[in-house]
**Q** 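A single structure is presented below for examination.
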Amino acid sequence: MQNEDKLIEGCCKGDRMMQQELYQRFSKRMLVICMRYSKATEDAEDILQEAFIKVFQNINKFRKDSSLGYWIKRIVINTALNYQRGKLYLFPMVDIQDVNHNVEKETVLDRFHFNELLEMVQALPVGCQVIFNLYAIEGYPHKEIAKQLNISEGTSKSQYARAKKLLQQMVEQSEKVNYEKFQ
Amino acid sequence: MKSSNKSKMGDFERKWSEAFEGAEATPSDELWTGIHAKLANAEAVTYKKRMVYYRWAAAVALLLLIGLSTYTFVKTDQNEIANQNIVDRGPNPESSPVSADNTGSQDDKLQATEDSQMADQRSSIDDQNAGNIDADGQSNADQNIANHQPIDQKIVMEEGDDLSSDNTDSTTDRPLASSGQSDDEISTEHNSKTVGPEVFEEVQDQKALAQAQTAQAPSEVGEQAGATNAGATNNDNSAVPLQNDQKPLAAVKSIVKPQEDLAESEAKIASAAESTWIALARSSAEVDAVAVKPQLEHIYLVPVVNVYQPIQKQQAPKLWAGLSFAPGSFDPNYRQQAAETQLVAAAAPNAQSSFIVKEDSNPGLSVAMGMDVGMNLGRRWKVTSGLQYFNSSVDANTNAVAEASNTPVYNSFSSYDLSAAGRGINSGRYIFAPDTDLQSTFEFLSVPVEAGYVVIDRKVQVVLNAGVGTNIFIKNNIQDKQNNLADVTITPGAGAPFKTVYFNGLMGAEVLYGIGDQFNISLKPQYRTALNDFTKSNSEFSSRPSAFGVSLGVQYNIK
């Protein structure tokens, strides 16, 4: 197991073994990220492949101002966004006042495997899916999301609200189904 | 999750974020295959673009190599031409052509004078020297010498012998002074002097040499002012003084003679006008330097120094150390100072009166080995040093060899040891011999200092290097390939014609291939040329060696 410095050095020189080791170290986590931004595993793998090629081609530019994993994650997310950019069908801008501000029910996700949660996220509309991932999972503010996707901040908020509502419904539906099965 | 937004996150967002934290999914095996294929394609495209550059670089390197080889070959030919002289083998010295390659009209005049003198001497001493036997039994040879060229028979001396104590008449004693000097000058210069390496130095005195050159033959081995007919002896073995109408024989520059006081000898020469003698001194153990200071060229080799380069790393400066081995070629690039070297030969019965030394040399093989250390300065630069041992040999051919004083001429080629410390050449005498193949081997230590620039920094590194190397002369060994002659060893010293230290300019390239993280294999072609003369300023020949070699080394990265 090589340390990160040696991995970076080897990848900069084009050492295929070092590149493969770096891929094996980060590919599993990055695939989950890709799957959150895509509809199918095949699409996720395409995104992952393209992302790692970018990683190896640009690793000599890595300045160690952040961790290597975070740097790779940003490349993966950007690649996923570019991949989805043509497929982003955003809902028309919705005035935030029209969003149903239901009292948030307490969300319990402990009983769900992440694969189930992943399916719920993949079931979201494309726009909602992207904004949900960027806001709720990655932690980007709406302002930055809007700038990155070239949309308004209001659209970002409304899309996220929609995604949140849909996910709550899916969770409740799943809990109900499980309860019925249990019964 | 970005920290800037973390505080605004609700319970919903936090739980979803935590649900995916650390989640992993295994990609299919074909994914890496696809990545590998795309990377290979991208590298192939890049390599194709670089191929143009590589081809041009290879063409330039090939042209450079051809140019250097041609230059080295041409220089070698020029050295051979400069060193080769016409050997006069005619029985009649008057009719013997003497070619002065590089001498001026003054030498031609002197040569003509010598011829007439030699003819006179020959006729006058033939009868006188018949039947003379010297104390050490060299009479026959000496007589033969006397018959043809009377100088040598009187010069045989032991180390430390007073000039007057040899088996000749005192009148034959010859101080190591330039011929052509007046007796007073000779006495003044050599009175009470002891002979030894300082005499060798003395011989090399510019004034004496200049006088010798103006008054004597163009090429010489040694010279001595004398008042007697060179080599001629009376029936009682006393030297035959020059008659008033006699002229001295062709002068030759003197070889270093043994230590002794010359005052007495000079006194005996006082009546002489001019004469020249070959000063073939003694037999002794080892001498330091080649006493054949006169234009007799020696084959002195400068070993090839090859230096090996370290690994280049991208990170902060790192150290490395390595071992290397380098075969190559070496060319001493000899150049004779004077036109020719003429020796009065102690020849066989049918030998000629004189002959001109002919020597030539060819570039030979050099082998170097040593250790290197280096440091990377940033990503592109590196410096290297180390310590190298060099062993270089050159094939040579000569027709002049020296014989120990106590060995009859032509009985055998006995040991002629030139390595006696501090005493220079003072043994034996030079004789004309059939072409003798010699091998001259030089040994050096070298300390190179080089700077390198990394042109390509990938799995294979390509580095361009340039620098300066300090060569420390260890010794030079001259061997007869036919084993007829004993070896001659020259070591650094006051009597050596070589400098103890000289400098080389280094230039070359290096290819490094990494094996793991710790080791690199290095392949390094390098050319080096002397920045200053390898020979001393007072030597009568010059040498500016050059060499080319390819080294193979292993380097260890010290982190």
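Quick note on labels: first sequence line is chain A, next is B, and so on, each numbered from 1.
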**Q** In the structure I gave you, are the side-chain heavy atoms of A:I137 and B:E13 within less than 4.5 Å of one another anywhere?
**A** no

**Q** So which residue, A:L118, A:T41, A:D46, A:N115, ends up with the most heavy-atom pairs under 4.5 Å with chain B?
**A** A:L118

**Q** Of the backbone (N, CA, C, O) and the side chain (C-beta and beyond), which part of A:Q19 lies under 4.5 Å from a heavy atom of chain B, both, or neither?
**A** both

**Q** Tell me whether B:K459 at atom NZ has more than 12 heavy atoms from other residues, nucleotides or ligands lying less than 6.0 Å away.
**A** yes

**Q** With a 4.5 angstrom heavy-atom cut-off, which part of A:M17 approaches chain B: side chain, backbone, both or neither?
**A** neither

**Q** How far apart are the C-alpha atoms of B:W16 and A:F132, what are their side-chain angles, what is the distance that settles it, and do they pass the side-chain contact (heavy atoms from CB on, under 4.5 Å) test?
**A** CA-CA 10 Å; B:W16 274 94; A:F132 172 80; 3.7 Å; yes

**Q** Given heavy-atom pairs under 4.5 angstrom as the criterion, report whether the side chain, backbone, both or neither of A:F56 touches chain B.
**A** side chain

**Q** For the residue pair B:W32 and A:Y23, categorise the inter-ring angle as parallel (less than 30°), tilted (30 to 60°) or perpendicular (more than 60°).
**A** tilted

**Q** Using a cut-off of 6.0 Å, state whether more than 12 heavy atoms not belonging to B:Y54 lie near its atom OH.
**A** yes

**Q** How close do B:L31 and A:E45 get, heavy atom to heavy atom, and via which atoms?
**A** CD1-O, 3.2 Å

**Q** Could you tell me if the side chain of B:K38 sits less than 4.5 Å from the side chain of A:Q49, heavy atoms only?
**A** yes

**Q** Using a cut-off of under 4.5 Å for heavy-atom pairs, which of B:E21, B:E18, B:E30, B:R458 has the most such pairs with chain A?
**A** B:R458

**Q** With rounding to the nearest 0.5 Å, note down the distance linking CD1 in A:I33 to CD in B:E24.
**A** 10.5 Å

**Q** Within a reach of under 6.0 Å around NZ of A:K28, are more than 12 heavy atoms found that belong to other residues, nucleotides or ligands?
**A** no

**Q** When only pairs under 4.5 Å are counted, which of A:E50, A:R29, A:H113, A:M30 shares the most heavy-atom pairs with chain B?
**A** A:R29

**Q** So which of B:G514, B:A42, B:P27, B:A19 has the biggest tally of heavy-atom pairs under 4.5 Å with chain A?
**A** B:P27

**Q** Flag the pair A:R16 and B:E43 as a salt bridge only when some basic side-chain nitrogen lies within less than 4.0 angstrom of an acidic carboxylate oxygen.
**A** yes

**Q** Hey, could you give me the CD/CG distance between A:Q57 and B:L39, rounded to the nearest 0.5 Å?
**A** 6.5 Å

**Q** Counting neighbours of CG on A:N150 that are heavy atoms of other residues, nucleotides or ligands and sit closer than 6.0 Å, is the number greater than 12?
**A** no

